[in-house]
Amino acid sequence: MKGSTYRRCSCRDPKTGKELGTSCPKRNSRNHCTYSVRQELPPREDGSRRSFARGGYSSLKAAQADLDHVRALLGLAEADDPEGNELIAAMLAQVSSEKAPLPEVEETRRRLRVGQDLISRLTVGEWLDQWLAGKRIRKSGVSRYETDIRVHLKPQIGHHRLDRLRVSHLSDMFTAIADANSELLEQNAQRRAAIDELAMVPWKGRDHRARRKAMKAAIDAMPPFRRVTGPATRLHIKATLRASLNDAISQQILTFNPAAHVELDPVRKPKALVWTNERVAKWQQTGEKPSPVMVWTPEQTGAFLDFVAEDRLYAMWHLIAFRGLRRGEACGQPWSETNLDTHSLTVSSQLVQDGWEVETSEPKTDSGFRVIALDDDTVSVLKRHREQQDAEREEWGSAWVETGLLFTQEDGSWLHPGKVTDLFERLVAASGLPPIRLHDLRHGAATLMLAAGVDVKVVSDTLGHSDTRITRDIYQSVFPQVAKDAAEATAKLVPLQRKAEAEEAARKAAKKAKQAKKAQAEAKKKSGDKAKRKKPKK
């Protein structure tokens, strides 16, 4: 197909406004005219002509280089590949019309081979919106993705072209988040200091009132308290971006996922600690919890269950404490999946919160679908609970809401998971026991099973974990007496010479002491007998 370079003068006649072209008196002057290129492209499907045209080159060499570039792109498709020729022709026509840079030959070859769009100007922000709109997961998951995208990803890297996103861009993003955290901490500290200072100013007195007013105005002008983006949130941001870019790769939009190669500081999950007497004493003095995740001892768990024995949701607290159901699983457990005759229940649904709204959902993972064995006492508790629910159903009559769930409100409607948590916290506070979260009852159930010698695989299956490593990592905290017994049993397995000698010496000393005590007793007895014989007769 025809193609050429040519000189062009853009000077115009001041009277007519038309280009002078070859009649320009300065045409032959050096550096007066610019160079242009034109290359015929394959015609459109309707037979109409189209071409690539571009001007403004300062030299013939530059114009010829671009013409060669265009011809190299046209040569990427085989002569017997009408679809490929059409794609390249359409691309070049668009590039010419938009005066965009010519795409690289090798990159275009790769895109043509894998069926990608030959001109990709999709930004990261546009792709994230497109990706999120296509997600078919529960609302709470979409909301979490949406927050990561809206608050962090789009403001930081949304303007970058998707195919030009690099690891360095992501490193810069997380550095910016860390810098923002530092600023937030400083602002929060300043606001807290100002509030504390305000609390020290007396209320009475004209000068004091004026000072308080000025300080309140200064506090109002400060930025509000804001949460920093913690390590766990940063990992979730990375996971959101990585998942979206993996989908871009599966759709052949990308070939490389930079989110898979950016490194962040590891997040250490808090370990479950048991409320020992020492920790309880310190909590009573300072009001501070040793760890965000605290577990009651068996005695403390028993004390709580005794305290709430008359609560209408006692069966729920009992089931979570002994069988480790999650809050949403307990709230969403149906009677149809609870078989008291076979002492088992099947976890197949849950109630989840999206904001303050509640919806029913399947378990989050395949391992969440599970069958849980019930002990005799738990079965008895659930039978009494069913009788109580039947009585409530009869009392409410036609106003009863038939949800078919184990645990409901008084009228049979859904329990709100958030309100269940609030109720649990009030009951714990009223009991006088050291504080734990509702989810910590689940931790306690796991620890009880492990302390009772239940195999970790059984514990993992009961809790609905996908891997026993999760169980070992989070729940492997044991009670003090169990730990002491384990330590003693371990120590007895190792034969130590000095230990054996010490034990032998102690044994001989004990034997010698016993013999001496026996000899002393015999001597005392003989002395008594002799005294009796010498006693005079009356």
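For the single chain, residues carry numbers from 1 onward in sequence order. The analysis underlying the following values was restricted to heavy atoms, covering all of them including side chains, and did not include hydrogens, waters or symmetry mates.
No side-chain heavy atom of Gln187 sits under 4.5 Å from any side-chain heavy atom of Met222. Asp129 places a side-chain heavy atom less than 4.5 Å from the side chain of Lys154. A heavy-atom distance below 4.5 Å is found between the side chains of Thr255 and Arg110. You'll find the side chain of Val420 reaches within 4.5 Å of the side chain of Met316, heavy atoms only. Considering only heavy atoms from C-beta on, Val70 stays 4.5 Å or farther from Arg54 through its side chain. Side-chain contact between His439 and Arg327: absent, with no pair of heavy atoms (C-beta onward) separated by less than 4.5 Å. A heavy-atom distance below 4.5 Å is found between the side chains of Trp275 and Ile436. The shortest distance between side-chain heavy atoms of Leu112 and Ile88 falls below 4.5 Å.
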- Task: Run the numbers on Arg312 and Glu410 for side-chain contact (heavy atoms from CB on, under 4.5 Å), then give the verdict.
- Result: CA-CA 9 Å; Arg312 67 176 298 274; Glu410 290 87 345; 3.7 Å; yes
- Task: Show your working on side chain to side chain donor-acceptor pair (under 3.5 Å) between Ser348 and Thr346 and close with a plain yes or no.
- Result: CA-CA 6 Å; Ser348 60; Thr346 302; over 6 Å; no
- Item | Test side-chain contact (heavy atoms from CB on, under 4.5 Å) applied to Leu153 and Val124, step by step | CA-CA 9 Å; Leu153 294 174; Val124 173; 5.9 Å; no
- Query: side chain to side chain donor-acceptor pair (under 3.5 Å) between Glu329 and Gln333: does it pass, once the steps are laid out?
  - Reply: CA-CA 6 Å; Glu329 293 170 346; Gln333 180 63 28; over 6 Å; no
- I would like to know whether Thr378 and Arg323 meet side chain to side chain donor-acceptor pair (under 3.5 Å); could you show each step before the answer? CA-CA 9 Å; Thr378 300; Arg323 296 285 79 197; 5.9 Å; no
- Query: Checking side chain to side chain donor-acceptor pair (under 3.5 Å) for the pair Glu126/Gln130: CA distance, chi angles, key distance, verdict?
  - Reply: CA-CA 6 Å; Glu126 292 168 344; Gln130 179 181 327; over 6 Å; no
- Evaluate side-chain contact (heavy atoms from CB on, under 4.5 Å) for Ile177 paired with Thr233, printing each intermediate quantity in order. CA-CA 11 Å; Ile177 290 175; Thr233 303; over 6 Å; no
- Start with the C-alpha gap between Tyr57 and Thr5, add the side-chain angles, then the distance that decides, and say whether side-chain contact (heavy atoms from CB on, under 4.5 Å) holds. CA-CA 10 Å; Tyr57 297 99; Thr5 61; over 6 Å; no
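A donor-acceptor pair under 3.5 Å is absent between the side-chain atoms of Gln409 and the main chain of Leu415, judged by distance alone. Ser97 places no side-chain N or O within donor-acceptor distance of the main-chain N or O of Ala93, the cut-off being under 3.5 Å. Arg71 places a side-chain N or O within 3.5 Å of a backbone atom of Gly3 that can act as its donor or acceptor partner. Ser349 places a side-chain N or O within donor-acceptor distance of the main-chain N or O of Gly332, the cut-off being under 3.5 Å. The backbone N or O of Gly412 sits less than 3.5 Å from a side-chain atom of Thr403, completing a donor-acceptor pair. At least one donor-acceptor pair closer than 3.5 Å links the side chain of His385 to the backbone N or O of Leu406.
Here the OG1 atom belonging to Thr229 is positioned 5.0 Å from the CG atom belonging to Asn181, to the nearest 0.5 angstrom. Annotation: the span from Ser96 atom OG to Met91 atom CE amounts to 11.5 Å, rounded to 0.5 Å. With values rounded to the nearest 0.5 angstrom, Ser460 atom OG is found 10.0 Å from Met449 atom CE. Rounding to the nearest 0.5 Å gives a distance of 8.0 Å between CD of Gln350 and OG1 of Thr360. The CZ atom of Arg393 lies 4.5 Å from the CD atom of Glu402; values are rounded to the nearest 0.5 Å. Within the model, atoms CZ of Phe52 and CG of Asp66 stand 6.0 Å from one another, a figure rounded to the nearest 0.5 Å.
Scanning all heavy atoms of the two residues, the minimum distance from Trp335 to Leu382 falls at CH2-O, 3.8 Å. Pairing each heavy atom of Gln156 with each of Ala176, the nearest pair is OE1-CB, 3.7 Å. The two residues Leu325 and Arg370 make their nearest non-hydrogen contact at CA-NH2, 4.4 Å. What you find for Met294 and Ser291 is that their closest heavy atoms are CG-O, 3.3 Å. Nearest approach of Leu67 to Arg38, heavy atoms of both residues: CD1-O, 4.1 Å. Counting all heavy atoms, side chain and backbone alike, Leu162 lies closest to Leu254 at O-CD2, 3.5 Å.
Exactly one residue among Thr123, Leu170, Asn257 makes a side chain to side chain contact (heavy atoms under 4.5 Å, CB included) with Leu165. That residue is Leu170.
In this structure, Glu86 pairs ionically with Arg50, as a charged nitrogen and a carboxylate oxygen lie closer than 4.0 Å. By the 4.0 Å N-to-carboxylate-O rule, Lys457 lies close enough to Asp461 to be salt-bridged with it. Salt bridge Asp440/Arg437: present, at least one basic N to carboxylate O contact under 4.0 Å. Using a 4.0 Å cut-off between a side-chain N of Lys or Arg and a carboxylate O of Asp or Glu, Arg234 and Asp265 do not qualify as a salt bridge.
Between Trp296 and Phe424, the ring-plane angle classifies as tilted under the 30° and 60° cut-offs. Phe256 and His261 have parallel rings, their planes meeting at less than 30° on a 0 to 90° scale where 60° marks the start of perpendicular. Between Tyr314 and His318, the ring planes lie tilted relative to each other; the angle falls in the 30° to 60° range.
Both cation-pi conditions hold for Arg191 and Phe225: the charged atom is under 6.0 angstrom from the six-membered ring centre and inside a 45 degree cone around its axis.
More than 12 heavy atoms of other residues, nucleotides or ligands shown are found within 6.0 angstrom of CD on Gln251. Around atom CG of Asp179, more than 12 heavy atoms belonging to other residues, nucleotides or ligands sit under 6.0 Å away. Surrounding CD of Glu45 are at most 12 heavy atoms belonging to other residues, nucleotides or ligands under 6.0 Å away.
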